[in-house]
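Letters go in sequence order (proteins before strands), and every chain restarts at 1.
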Number of protein chains: 2
Amino acid sequence: MSVTIKDIARESGVSYSTVSKALNNSPLVKPETKKKVLETANMLGYTPNFAAKNLVSKKSRTIGLVWPAIDRIALTALVSKINELVTAENYFMILSVDEADKAIGMFIGFQVDGVMIFEEGRETMLHSDVFSSIPILSYGVSGDHVYPIIDVNHKKAIHLAVSHLIELGHSSLSYIGDATPGDKRQTEKLNGFYEAMENAGLTVHENSIGNTKGLSWYDGYLAAKELLKTSKPTALISGSYDISVGVLRAAKELKIRIPEDLSVISYDNIPQMASLETELTSVGVPIEQLAEKMVTSLLSLIEHPDSINLTQLMEPKLALRKSAKSLQKHL
Amino acid sequence: MSVTIKDIARESGVSYSTVSKALNNSPLVKPETKKKVLETANMLGYTPNFAAKNLVSKKSRTIGLVWPAIDRIALTALVSKINELVTAENYFMILSVDEADKAIGMFIGFQVDGVMIFEEGRETMLHSDVFSSIPILSYGVSGDHVYPIIDVNHKKAIHLAVSHLIELGHSSLSYIGDATPGDKRQTEKLNGFYEAMENAGLTVHENSIGNTKGLSWYDGYLAAKELLKTSKPTALISGSYDISVGVLRAAKELKIRIPEDLSVISYDNIPQMASLETELTSVGVPIEQLAEKMVTSLLSLIEHPDSINLTQLMEPKLALRKSAKSLQKHL
DNA sequence: TTGTAGGCGTTATCAT
DNA sequence: ATGATAACGCCTACAA
């Protein structure tokens with residue numbers, strides 16, 4: 001049986017409504033009373049009951065984050081950053097690794113004020129009544145969604161990568177990534193590649209596209225092995241962090257040195273890029289920017305429920321590391 | 001304003017207490033009434049309010065997991081597995097990436113039934129009143145804790161690694177890991193190394209121990225570079241997954257091939273070991289076993305609060321992969 | 001400045 | 001089989 005404000009009230013000889021006020025730092029209570037109450041509260045080891053609190057206030061100052069794919073490590077840094085920002089705004093954040101539907105149901109039950117979804121691959125279809133009952137923001141894929149989305153200009157990102165490689169003197173470029181039709185985010189990247197190549201007047205040979213058919217490192221590994229055996233590009237763009245991990249592994253097995261024999265640029269602008277055996281040059285939106293945008297967007301959605309907040313496209317940047325090298329030097 | 005059982009009651013022409021019973025599938029309500037209630041509930045898009053529910057029932061069927069170090073990826077697989085098991089037992093799981101104190105305070109506020117802590121490095125000191133008010137289980141370090149701990153027999157793990165390397169013909173072994181005095185878990189590993197070496201009649205030279213002074217890959221990288229330059233072991237044991245990542249990177253820069261020039265065994269028995277550029281042979285408790293043990297322990301603690309549940313030591317296993325090789329072949 | 005009372009959404013115990 | 005009604009812990013008018 002945990003201690004409640006009534007216990008504090010009894011112990012400190014005031015009414016429990018006074019205790020409530022004192023605990024909430026109301027100006028309506030005499031400083032010394034407040035002090036005494038706080039002391040006995042502390043002494044008794046009081047912890048407020050959110051269930052009761054939320055029940056009456058209809059607010060929890062908590063946001064829920066739906067993150068089913070924790071094994072895809074590309075997002076951990078983003079999660080940490082978001083938690084930081086949310087904390088700074090005096091909110092709590094709780095995570096769920098369940099599927100979106102289940103997680104959101106739970107969050108609503110717990111009376112969170114808003115939820116963020118990390119969508120992976122195909123868009124999560126939510127029951128239409130869900131997003132009407134609570135502010136929802138997704139780090140996901142633009143489309144005809146009913147809830148607002150923070151998305152990345154994927155095409156632009158790939159354009160950046162292609163341009164950089166061309167500047168380095170490459171003309172034989174390959175792309176490796178998931179081309180499963182249902183996954184808009186991934187197909188955007190692939191389309192961006194075709195587009196950028198065409199703009200540059202370069203042709204894309206059929207066997208210079210590697211379809212991983214999945215997003216795990218192993219998918220990347222298999223596809224990279226296939227690709228690097230049949231085709232001999234001087235530069236390769238990889239669709240995600242995890243896929244890049246597979247590419248590195250494949251290259252190693254095939255005794256292809258990076259960047260000496262092959263320049264690689266990876267999608268996903270995250271710190272982990274620097275901790276790979278070969279530091280990967282990458283393109284993507286820096287996570288600080290993403291985090292900032294997501295938090296401010298969701299909080300404004302919570303605090304001004306009327307604010308119409310549609311899809312927002314974030315601008316990617318190129319992060320230079322050690323996996324892409326000028327071709328000239330090695331001619 | 002979300003829909004409550006009173007709305008359902010009004011809409012379906014029964015009292016709200018009947019609605020409550022119907023929703024909870026009580027046998028005390030006529031099937032047709034139940035059906036009607038369920039229908040209108042569904043029509044209205046009703047979602048139960050946990051705050052209210054928990055308030056009266058004093059149970060939430062939810063456990064909280066404290067996981068401040070999400071950037072240390074060694075644990076993601078464990079988290080997923082735990083979530084799976086917990087779900088199978090009809091519980092929810094929510095995560096927090098805040099510090100233990102804050103996270104637990106929040107969890108208690110949300111009325112979770114129990115909490116798990118992933119302790120990283122130094123032991124989290126909790127206010128003594130915390131763990132008396134809620135079942136707590138830690139994946140942590142044995143010691144004079146007041147709450148139960150699931151720990152790993154770290155020494156044994158290192159012993160396994162050492163024996164394996166000796167069987168492969170190695171006698172010049174090094175250990176690299178965090179030797180910061182405060183961190184019991186890490187120092188256990190180091191002590192295990194000394195012990196195993198002594199048992200085998202091998203001497204440990206001073207410069208064959210690399211102190212990373214931290215647990216990030218970069219710490220491992222720096223220490224490995226130092227170690228591999230000054231000493232020339234034929235085999236190396238690394239204290240954690242992340243440190244191993246750093247070791248791989250250092251070895252690559254120094255043009256040391258694994259396992260041809262150097263055999264490596266890493267601590268941490270997790271799937272990610274197989275996704276590194278070089279698949280690492282490793283020692284540690286398989287995560288399925290850990291997850292299983294943790295979930296059953298916490299749930300039994302929740303359901304039988306009297307069950308005294310002290311520190312439990314899990315037995316590590318050796319997982320053979322490709323980073324450790326017989327020395328003979330290369331003499 | 002403090003105390004009283006009503007209500008938040010739900011369950012559980014009574015009556016009916 | 002159904003309906004009042006009293007909790008659960010807290011907040012917030014309003015009254016004293």
Side-chain angles (χ1 to χ4, degrees), chain A residues 1-38 40-41 44-62 105-113 133-134, chain B residues 1-38 40-41 44-62 105-113 133-134:
Chain A
M1 190 63 173
S2 63
V3 21
T4 76
I5 55 172
K6 290 189 182 172
D7 300 318
I8 303 175
R10 196 181 328 107
E11 199 70 21
S12 52
V14 295
S15 82
Y16 67 84
S17 82
T18 304
V19 173
S20 170
K21 285 168 197 150
L23 256 24
N24 289 296
N25 204 16
S26 156
L28 299 169
V29 49
K30 197 160 44 173
E32 41 193 283
T33 320
K34 191 179 293 184
K35 185 155 170 273
K36 188 175 56 184
V37 168
L38 260 357
T40 67
L44 264 38
Y46 168 77
T47 32
N49 182 326
F50 290 8
K53 211 174 209 165
N54 301 346
L55 188 56
V56 41
S57 72
K58 303 228 179 198
K59 292 223 133 283
S60 61
R61 286 201 83 82
T62 302
M106 176 184 71
F107 284 150
I108 292 182
F110 274 116
Q111 302 286 95
V112 305
D113 296 338
S133 66
I134 189 173
Chain B
M1 191 62 175
S2 60
V3 22
T4 76
I5 54 172
K6 291 189 181 173
D7 300 319
I8 304 175
R10 196 181 327 107
E11 198 70 22
S12 52
V14 295
S15 83
Y16 69 85
S17 80
T18 303
V19 172
S20 172
K21 284 168 198 150
L23 256 24
N24 289 295
N25 203 17
S26 157
L28 300 169
V29 48
K30 199 162 40 174
E32 41 192 282
T33 321
K34 193 180 290 184
K35 184 155 170 273
K36 188 176 56 185
V37 168
L38 260 358
T40 67
L44 264 39
Y46 169 77
T47 32
N49 183 325
F50 291 8
K53 214 172 208 165
N54 301 347
L55 185 57
V56 41
S57 72
K58 302 228 181 199
K59 292 224 135 283
S60 60
R61 286 200 85 80
T62 302
M106 176 182 70
F107 285 150
I108 292 183
F110 274 116
Q111 302 286 94
V112 304
D113 296 337
S133 66
I134 188 172

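In this structure, A:N49 atom CG and C:dG9 atom P are separated by 16 Å, rounded to whole Å. What separates NZ of B:K34 from P of D:dT2 is a distance of 10 Å, to the nearest Å. Atom pair B:I8:CD1 and C:dT10:C1' shows a separation of 12 Å (rounding to whole Å applied). Separating the CZ atom of B:R10 from the P atom of C:dG9 is a distance of 11 Å, rounded to the nearest angstrom. In this structure, B:Q111 atom CD and C:dT10 atom P are separated by 16 Å, rounded to whole Å. Computed from coordinates, the A:N54 CG to D:dC8 P distance equals 19 Å when rounded to whole Å. For the pair A:D7 CG and D:dC10 P, the interatomic distance rounds to 9 Å; values are reported in whole Å. Distance A:K6 NZ to D:dC11 P: 13 Å, rounded to the nearest Å.
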_Full working for side-chain contact (heavy atoms from CB on, under 4.5 Å) between A:F50 and B:N54_ = CA-CA 10 Å; A:F50 290 8; B:N54 301 347; over 6 Å; no
_side-chain contact (heavy atoms from CB on, under 4.5 Å), that's the test. Do A:T40 and A:Y46 meet it? Break it down for me._
CA-CA 9 Å; A:T40 67; A:Y46 168 77; over 6 Å; no
*asked:* Show, in sequence, the C-alpha distance, side-chain angles and deciding distance for B:T62 and B:F107, and conclude whether the side-chain contact (heavy atoms from CB on, under 4.5 Å) test is met.
replied: CA-CA 9 Å; B:T62 302; B:F107 285 150; over 6 Å; no
_Please evaluate residues A:L38 and A:L23 with respect to the criterion side-chain contact (heavy atoms from CB on, under 4.5 Å), reporting the C-alpha separation (whole Å), side-chain torsions for both, the decisive distance (0.1 Å), and the verdict._
CA-CA 7 Å; A:L38 260 357; A:L23 256 24; 3.5 Å; yes
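Nearest nucleotide to the A:K30 side chain, out of D:dC10, C:dG9, C:dT1: C:dT1. Looking at the side chain of B:A52, the nearest of the listed nucleotides D:dT2, C:dT10, D:dC11 is C:dT10.
Smallest separation of non-hydrogen atoms from B:D113 and B:K59: OD1-CA, 3.6 Å. Across all non-hydrogen atoms, the minimal contact from A:S12 to A:V37 is OG-CG2, 4.2 Å.
Within residues 11-19 of chain A, the residues approaching DNA chain C are A:V14, A:S15, A:Y16, A:S17, A:T18, by heavy-atom distance under 4.0 Å.
With sequence neighbours left out, the side-chain contact (heavy atoms from CB on, under 4.5 Å) criterion links A:S15 to A:S17, A:T18. With sequence neighbours left out, A:L28 forms a side-chain contact (heavy atoms from CB on, under 4.5 Å) with A:S26. Under the salt bridge (charged side-chain N to carboxylate O under 4.0 Å, His left out) criterion, A:R61 pairs with no residue at all, not counting sequence neighbours.
Within the 4.0 Å cut-off from OP1 or OP2 of D:dG9, at least one side-chain nitrogen or oxygen of B:K58 is found. Contact check, B:N24 against C:dT11: a side-chain N or O comes under 4.0 Å of OP1 or OP2. Between B:T33 and D:dT2, a side-chain N or O to OP1/OP2 separation shorter than 4.0 Å is present.
The end-to-end axis angle of the helix from C:dT1-D:dA16 to C:dT16-D:dA1, rounded to 10 degrees and based on five pairs per end, is 50°.
Among the heavy atoms of the strands lying under 4.0 Å from A:S20 is at least one base atom, whether or not backbone atoms are also near.
In this structure, A:T4 and A:Y16 have side chains that are not in contact, with every pair of non-hydrogen atoms separated by 4.5 Å or more.
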Atom pairs, N/O to N/O, protein against nucleotides 14-16 of chain D, distance under 3.5 Å?
none

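The main-chain N or O of A:Q111 is found under 3.5 Å from a side-chain atom of A:S60 such that the two form a donor-acceptor pair.
Separating the CD1 atom in B:I8 from the NZ atom in B:K36 is a distance of 12.5 Å, to the nearest 0.5 Å.
Both B:P27 and B:L55 lie close to DNA chain D; mapped to their nearest nucleotides by heavy-atom distance, the more 5′-ward contact belongs to B:P27.
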